[in-house]
Amino acid sequence: MRTPLAPPAAAYTGGLATDTADISWQAPTAVLLSAAYPPGIPNHNWGATATAATNIGHQALLSAARYLAAGAIDLIEQPDLLDAMKQEFKDRTEGITWASMVPTAVSRRCTSRRARRRLLR
């Protein structure tokens, strides 16, 4: 059963700072999170940055690599799952026009329609 898209909870205090917004309207997108610093340290803080050079950061990197590899293997071994993801993306975005906040001149230099179409095959 498909989960409807909904706004964040009322207690939402912010989230990740990523550049996936434009990409997620062009191709199915998933976000992987891996604990890489101690709880209570805010994102974009020197403490989070410093943790990357510790054993905690190294273990997080290795875990994230394993998760990504396992996900890729699942999609390779289960092409029906990949097809279902593509279809869900198509169904959810049908009739929706995404207007990027990135200026068109910049966007054209960074990507092309042909490249985006290849992602959806």
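Between the side chain of T29 and the main chain of A27, a donor-acceptor pair closer than 3.5 Å is present.
Interatomic distance, CG of L82 versus CD1 of I76, reported as 10.0 Å (0.5 Å rounding). Atoms CG and CG, from L62 and N55 in turn, are 9.0 Å apart once rounded to the nearest 0.5 Å. A distance of 13.0 Å separates CG in D83 from CD in E88, rounded to the nearest 0.5 Å. Atom CG of residue D80 and atom CG of residue L75 lie 11.5 Å apart, to the nearest 0.5 angstrom. Rounded to the nearest 0.5 angstrom, I56 CD1 and Q59 CD are separated by 9.5 Å.
Across all non-hydrogen atoms, the minimal contact from A36 to T51 is O-CG2, 3.1 Å. Closest approach of A48 to P42, counting heavy atoms only: CB-O, 4.0 Å.
The closest side-chain heavy-atom distance from W25 to I96 is below 4.5 Å.
Side-chain polar atoms of Q87 and D91 form a donor-acceptor pair below 3.5 angstrom.
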